[in-house]
Amino acid sequence: METDNTHKHNQSIANFAAIKTAIVNNEAALLKELLANQAIPELEKSYLIDLAGLSNDPAILKIIKDIPLEK
């Protein structure tokens, strides 16, 4: 039987994968939707900033830099 924590973890992994895909595909609208009202750990944010830097899209980079950090 799957616990609630496992389900949340699987959703988190799937959401993070979708965020990375949106960044690589330069899909700003989708990225905003996926990140709506979300805070992320500093390490994940740093990784996403590095990933966005590869695409050289300033709009994507700004969206990521504006993500609040988890406390």
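Predicted model, so just to flag it, every value in this text is computed and none were measured. FYI, side chains are in, hydrogens and waters are out, and symmetry mates aren't considered; it's all heavy atoms of this structure. Count residues from 1 along the sequence.
For the salt bridge (charged side-chain N to carboxylate O under 4.0 Å, His left out) test, no residue two or more places apart in sequence or in another chain qualifies with Lys20.
Hydrophobic clustering places Phe16 together with Leu54 (ILVMFWY residues linked when any side-chain heavy atoms are closer than 4.5 Å, directly or through intermediates).
Remark: side-chain polar atoms of Ser46 are not paired, donor with acceptor, to backbone N or O of Glu42 under 3.5 angstrom. Distance alone, capped at 3.5 Å, is enough to place a donor-acceptor pair between the Asp57 side chain and the Ala59 backbone. Between the Lys45 side chain and the Ile67 main chain, a donor and an acceptor come within less than 3.5 Å of each other. Between the Gln38 side chain and the Leu34 main chain, a donor and an acceptor come within less than 3.5 Å of each other.
Here Ile23 contributes atom CD1 and Tyr47 contributes atom OH; the two are 8.5 Å apart, rounded to the nearest 0.5 Å. We find the CD1-CD1 distance between Ile60 and Ile49 to be 13.0 Å, quoted to the nearest 0.5 Å. Note that the CD atom of Glu27 and the CD1 atom of Ile63 stand 11.0 Å from one another [nearest 0.5 Å].
Atom CD of Glu70 sits in a crowded spot, with more than 12 heavy atoms from other residues, nucleotides or ligands closer than 6.0 Å.
Nearest heavy atom pair, residue Ala52 against residue Ile64, reads CB-CD1, 3.5 Å. What you find for Leu48 and Ile19 is that their closest heavy atoms are CD1-CG2, 3.9 Å.
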